[in-house]
Amino acid sequence: MRDLPKTFDHNEAEPRLYRAQEEAGLFKPQGDGDPYAIVIPPPNVTGSLHVGHALNNTLQDILCRFRRRQGRKVLWQYGVDHAGIATQMVVERQMAERQEPHRRDIGRDAFVEKVWAWKAESGGMIKGQLQRLGASLDWSRERFTMDEGLSAAVRRVFVQLYNEGLIYRDKRLVNWDPQFQTAISDLEVENREVNGKMWNFAYPLAEGPVDGISEIVIATTRPETMLGDGAVAVHPDDERYTNLIGKKVRLPIVDRLIPIIADEYPDPELGTGAVKITGAHDFNDFEVARRHDIPLIVLMDAEARMIATSENDVPKRYHGVDRFDARKMVIAELEEMGLLRGIDDKVIMQPFGDRSGVVIEPMLTDQWYVDAKTLAGPATEAVRSGKTKFVPENWSKTYFNWMENIEPWCISRQLWWGHRIPVWYGPDGTPFCAETEDDAHRLATEHYDGEAVELTQDTDVLDTWFSSALWPFSTLGWPDETQELQDFYPTAVLSTAFDIIFFWVARMMMMAMYFKKEVPFHMVYIHALVRDENGQKMSKSKGNVVDPLEYMDAFGADPLRFTLASQATQGRDLSLSKQRVEGYRNFRTKLWNAARFLQMRDVPLTDENIDPSTFKLPLNRWLAHEATRMSAGVASALEAFRFDEAAAAIYQFTWRTYCDWCLELAKPILDEGSSADQAETRRALSYGLKTILVTLEPFMPFVCRELYDAMNDGIQTIDDQRWPTESFVDDSAAEQMEMVIALISEIRSARTEVNVPVAAKIDLIALSPSADVAQTLEVQSPAIRRLARIENIAQRADPPKGAVQIVSGGTTYALPVADVIDLSAELARLDKEIAEAAAQLKKAEGKLGNERFVSKAPPAVVEEEKARVAKFSNELEQLSAAKKRLEAL
RNA sequence: GGUCGCGUAGCUCAGCGGUAGAGCACUCGCUUCACACGCGAGUGGUCACUGGUUCGAUCCCAGUCGCGACCACCA
């Protein structure tokens with residue numbers, strides 16, 4: 001044993017303890033137990049630890065450490081995501097700050113080199129932060145989504161999907177981010193409500209009035225796109241317009257004739273019932289245009305400025321004008337022409353790029369797509385059949401809903417940082433998809449009948465999520481058939497936030513089912529969102545973002561971890577408050593002091609495998625009884641991902657059972673018991689502390705290791721300890737100890753209520769106790785005397801005059817305090833207890849008085865109720881007798 | 001419009017057919033020899049509302065009100 005200082009200095013101890021664990025190789029898969037693997041959701045290379053990371057990685061760490069204790073061969077796979085857009089953005093911003101040339105001026109290769117340099121320098125910040133948190137990730141296996149192996153996996157997957165027709169190129173509308181000048185997927189678009197306007201414009205009929213109607217009025221929220229209108233659509237059943245179908249209108253400003261068509265899409269109830277069709281700049285219009293073979297007229301360039309093309313007739317004055325400026329011009333011109341028919345304020349949903357924050361423009365471009373619908377089939381089935389389960393289960397609905405309505409996944413990005421699309425084009429544009437350029441050349445040579453040609457690689461890169469979709473197997477070495485894949489695939493659990501289900505979980509499922517023919521993980525644990533202490537979503541603009549690092553500075557990693565775990569309930573977000581972290585810091589200190597107490601009493605932890613069935617004292621047997629109940633409870637809670645229940649069970653046992661009662665009850669034995677009792681109690685306390693440290697270690701790894709080391713008198717370490725599996729049950733010891741505890745509590749309560757001074761020692765008189773009670777009082781006398789501040793314990797038939805009387809466990813006790821008793825307080829106390837007992841009795845009797853209850857309720861419940869009647873009527877009787885005696889004074 | 005969730009002690013949350021729980025906060029005592037980041041004792045709840053099912057509902061069902069999230073749509 002090593003002397004423990006007064007308090008735990010987390011700032012000194014945590015880094016030291018972490019290094020020791022890592023140097024001992026404890027984070028690598030150990031032994032030959034049943035493998036258990038978790039892959040970390042790879043943090044962005046640009047990322048730093050936020051509360052969401054802290055929560056998710058705490059939970060994963062708890063699972064991994066718990067499984068290691070159980071003897072499993074655990075791999076917690078670490079890695080980092082290259083985060084295409086985010087990273088490119090950060091580096092570009094840095095270049096701008098340093099007033100360096102723009103990326104386009106230095107060229108692609110030089111820019112990508114700069115990003116790699118940036119990554120080498122400042123890319124791994126989160127790693128150190130995770131280490132501070134205590135995350136037991138296997139750092140030696142760190143992967144990066146753009147490292148060689150993972151890039152090879154990406155190419156393998158792309159080529160195979162391409163060859164099997166599941167990746168294809170298509171020209172259709174995409175979400176275009178004018179800021180980053182790239183396509184983004186549906187998921188990267190954030191639809192936000194904004195205050196907008198709706199304009200009504202009149203388009204004159206080209207061939208003059210029909211039945212007195214000379215124009216058709218359309219409504220639009222995007223006037224500038226009218227320059228690219230290809231038609232006006234009305235509903236075929238809309239009688240207002242039946243006569244106009246097939247006629248032409250003259251599109252103002254551009255003076256182009258476009259048809260009025262009938263289509264189901266326009267809703268007669270909305271707007272004017274007539275809709276302008278701009279196929280190249282609106283997703284719905286695109287579909288209508290396709291159905292009717294209406295030309296798609298592109299109006300804008302990559303920066304969303306109006307341009308001239310051979311297919312459009314945008315007037316010269318619009319060329320190079322930003323879309324929002326063009327809007328003003330169009331409105332002004334139409335107003336000028338007298339064709340503006342109204343402006344209404346309207347709340348509209350507008351799409352924004354989730355990274356750039358700018359308004360997304362639907363653009364007609366060539367992009368690469370994954371046939372997600374085909375891949376979704378097996379991925380959906382895997383969840384439906386239970387091969388992969390969501391926890392909480394209801395998230396599977398979200399998953400199904402998404403999968404069943406899945407759209408083609410746009411995977412190409414017009415960025416420079418990312419996996420380059422493995423497609424090369426011949427001089428005539430023929431694509432050759434291959435894992436290497438050499439292979440592409442071979443394909444080309446074959447295609448061009450042996451003629452060697454220049455090939456140019458596709459300039460696009462892949463969506464970042466394409467590589468992370470392969471994460472569970474690519475990090476384990478795929479496409480090679482590695483030992484790690486054999487051992488650890490499928491992984492056990494994937495832990496993540498709900499907003500990642502579509503981005504990542506679904507895509508991992510699809511890729512895994514296609515390439516591994518097996519699920520990537522058996523469980524998907526969806527953790528809660530961390531909110532601030534007022535339950536508000538954290539956001540930079542609100543300024544309520546909690547920095548987990550600050551809590552770790554102030555209190556250490558252990559209390560933060562325990563706080564997060566204790567609040568990780570299912571189906572509800574959690575509110576993180578400083579007070580709560582502080583509370584668990586106090587818990588850590590409590591445990592620390594309990595260990596100090598053992599140390600003062602010379603009770604070490606030893607290598608001995610203590611067998612509780614050798615204990616003889618009820619206290620020690622009860623301690624073991626409760627300890628095994630706790631560790632079993634924690635284990636089953638963790639199996640069910642109930643981190644909150646697990647944390648509560650340990651907290652409750654440690655503080656309430658072990659510290660409040662066991663240590664206190666042990667004191668009289670350690671002070672005045674026989675040497676055999678003392679020796680046994682020492683072993684029991686040691687057993688209790690060891691159980692706490694071993695079960696708490698997954699939650700609070702630092703303090704547990706420090707305490708184990710300090711208290712250790714053997715050669716084993718905490719890492720040699722297995723999760724307790726023995727189940728020691730002794731109900732009669734438990735019953736006895738519970739009776740003693742109840743008695744002590746009631747004596748204390750009565751003393752307080754009648755104002756007996758804390759220091760005063762008084763006598764306890766049991767009134768005609770049963771033989772059992774008498775024996776327990778005898779055995780537990782030192783404990784009762786010490787904890788309830790009792791001088792002597794006696795037995796009599798009648799109480800002395802002027803005594804406080806309590807009823808506990810069916811026995812009446814008297815506390816003679818004639819000189820200090822506050823008569824009216826005692827009377828009030830008795831009345832209160834009488835009222836309580838009477839109320840309970842009445843309730844129970846009421847139930848039994850109900851004919852239908854007795855006949856229909858299960859017999860066990862009826863018996864229970866009868867027992868309650870017996871108990872409370874007895875109590876009531878004794879309390880009433882006590883009151884009479886008091887009144888007789 | 002579709003889907004999911006939540007309304008339980010002042011606060012943050014467990015519980016979810018048969019005596020309403022925890023932590024924090026609050027009140028009153030305590031420098032009791034592990035711990036004042038502590039010890040002891042307390043206060044505090046028609047479990048949102050209305051119906052229904054049931055011998056019995058905080059718990060199940062239906063509806064209402066309030067709050068939130070996600071997806072879709074709105075020319």
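So you know, we letter chains A, B, ... as the sequences are listed, proteins then strands, and number each from 1. The figures that follow rest on heavy atoms only: side chains count, while hydrogens, waters and symmetry mates do not.
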Check nucleotides 34-39 of chain B against the protein and report each pair of N or O atoms closer than 3.5 Å, with its distance, or say if there are none.
from, atom 1, to, atom 2, distance (Å)
B/A34, O2', A/N593, OD1, 3.0
B/A34, O2', A/R596, NH1, 3.2
B/A34, N7, A/K667, NZ, 3.3
B/A34, N6, A/C659, O, 3.3
B/A34, N6, A/E664, OE2, 3.0
B/A34, N3, A/N593, O, 3.1
B/A34, N3, A/A594, N, 3.3
B/C35, O4', A/N593, OD1, 3.2
B/C35, O2', A/N593, ND2, 3.3
B/C35, O2, A/K590, NZ, 2.9
B/C35, N3, A/K590, NZ, 2.8
B/C37, O4', A/N586, OD1, 2.9
B/C37, O2, A/R585, NE, 2.9
B/C37, O2, A/N586, OD1, 3.2
B/C37, O2, A/T589, OG1, 2.5
B/G38, OP1, A/N586, ND2, 3.2
B/G38, O3', A/K590, NZ, 3.1
B/C39, OP1, A/K590, NZ, 2.6
B/C39, OP1, A/W655, NE1, 2.6

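- When the side-chain hydrogen bond (donor to acceptor under 3.5 Å, both in side chains) test is applied to A/R682, no partner is found at least two apart in sequence or on another chain.
- Taking atom C1' in both B/G42 and B/U46, the straight-line distance is 23 Å, to the nearest Å.
- Using a cutoff of 4.0 Å between basic side-chain nitrogens and carboxylate oxygens, A/R291 and A/D263 are scored as salt-bridged.
- Here, B/A57 and B/U50 have their P atoms 14 Å apart, quoted to the whole Å.
- Spacing between atom CG of A/L270 and atom P of B/G1 amounts to 13 Å, rounded to whole angstrom units.
- Tested against A/I806, the residues A/E833, A/E746, A/R751 include a single side-chain contact (heavy atoms from CB on, under 4.5 Å) partner, A/E746.
- Across the P atoms, B/A48 and B/C37 are found 37 Å apart, a figure rounded to whole Å.
- Annotation: of the two residues near RNA chain B, A/M198 and A/N191, the 5′-most nearest-nucleotide partner is A/N191.
- Using a 4.0 Å heavy-atom criterion, one finds that A/Y584 contacts no nucleic acid atom at all.
- Every residue was checked against the side-chain contact (heavy atoms from CB on, under 4.5 Å) condition with A/A648, not counting sequence neighbours, and none meets it.
- Within 6.0 Å of CD on A/E269 lie no more than 12 heavy atoms contributed by other residues, nucleotides or ligands.
- Of the charged side-chain nitrogens involved, at least one lies within less than 4.0 Å of a carboxylate oxygen, so that A/R327 and A/E224 count as a salt-bridged pair.
- Rounded to the nearest Å, the gap between the C1' atom of B/G23 and that of B/A69 is 27 Å.
- For A/R829 and B/G42, the shortest distance from a side-chain N or O to OP1 or OP2 is not below 4.0 Å.
- Using a 4.0 Å heavy-atom cutoff across all strands shown, A/T221 reaches sugar-phosphate atoms only and no base atom.
- Rounding to whole angstrom units, CZ of residue A/R868 and P of B/G56 are separated by 18 Å.
- When the P atom is used for both B/U19 and B/U58, the distance is 11 Å, rounded to whole Å.
- Across the protein-nucleic acid pair, A/F498 atom CZ and B/U3 atom P stand 18 Å apart, rounded to whole Å.
- Aromatic ring orientation, A/Y584 versus A/Y651: perpendicular (interplanar angle above 60°, classes split at 30° and 60°).
- Rounded to whole Å, the C1' atom of B/C59 lies 6 Å from the corresponding atom of B/G17.
- Atom C1' of B/A41 sits at a distance of 25 Å from the matching atom of B/U8, rounded to the whole Å.
- Residue A/N850 is classed as a sugar-phosphate contact, given heavy-atom separations below 4.0 Å to backbone atoms only.
- Checking B/C4, B/C24, B/C73 against every side-chain atom of A/Q579, the shortest atom distance belongs to B/C24.
- A cation-pi contact, defined as under 6.0 Å to the ring centre and within 45° of the axis, is absent between A/R341 and A/F201.
- A/R786 comes within 4.0 angstrom of nothing in the nucleic acid, heavy atoms only.
- Here B/C4 presents its P atom at 9 Å from CG of A/N401, a figure rounded to the nearest Å.
- Taking 4.0 angstrom as the limit, A/S749 places a side-chain polar atom (N or O) nearer than this to OP1 or OP2 of B/G42.
- Remark: A/F702 pairs with no residue by the ring-ring contact (aromatic ring centres under 6.0 Å, His included) rule, at least two apart or across chains.
- Atom CG in A/N405 sits about 13 Å away from atom C1' in B/C73, given to the nearest Å.
- Atom P of B/C24 sits at a distance of 22 Å from the matching atom of B/C33, rounded to the whole Å.
- Residue A/A857 places its side chain closer to B/C55 than to any other of B/U32, B/C55, B/C70.
- Remark: A/K397 is in phosphate contact with B/C4, judged by side-chain N or O atoms under 4.0 Å from OP1 or OP2.
- A/L574 places its CG atom 18 Å from the P atom of B/C24, with the value rounded to the nearest Å.
- Among the heavy atoms of the strands lying under 4.0 Å from A/E753 are primed sugar atoms or P, OP1, OP2 only; no base atom is included.
- Here the nucleotide nearest the side chain of A/Y651, chosen from B/C70, B/A20, B/C24, is B/C24.
- The side chain of A/S577 contributes no N or O atom lying less than 4.0 Å from OP1 or OP2 of B/U12.
- Across all strands, A/E851 comes closer than 4.0 Å to no nucleic acid atom at all (heavy-atom distances).
- Listed nucleotides: B/C24, B/G29, B/C55. Nearest to the side chain of A/V758: B/G29.
- Applying the side-chain contact (heavy atoms from CB on, under 4.5 Å) test to A/N394 and every residue at least two apart in sequence or in another chain returns A/P392.
- When heavy atoms are screened at a 4.0 angstrom cut-off, A/A648 is found touching no nucleic acid atom at all.
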Kindly express the pairing pattern of RNA chain B in dot-bracket notation, using | wherever a base pairs with another strand and counting only Watson-Crick or G-U pairs under 3.5 Å.
((((((((.[[[[.)..(..]]]].(((((.......))))).....[[[[[..)....]]]]])))))))....

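- The distance from atom CD of A/Q840 to atom P of B/G18 is 16 Å, rounded to the nearest whole Å.
- The cationic group of A/K843 does not satisfy the cation-pi geometry with A/F872, failing either the under 6.0 Å distance to the six-membered ring centre or the 45° limit from the ring axis.
- The residue among A/D186 and A/K856 whose nearest nucleotide of RNA chain B is located toward the 5' end is A/K856.
- Rounded to whole angstrom, the span from the CG atom of A/D499 across to the P atom of B/A69 amounts to 13 Å.
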Would you please test A/F643 and A/F562 for ring pair (Phe, Tyr, Trp, His ring centres under 6.0 Å) and show each step?
CA-CA 9 Å; A/F643 300 94; A/F562 204 85; over 10 Å; no

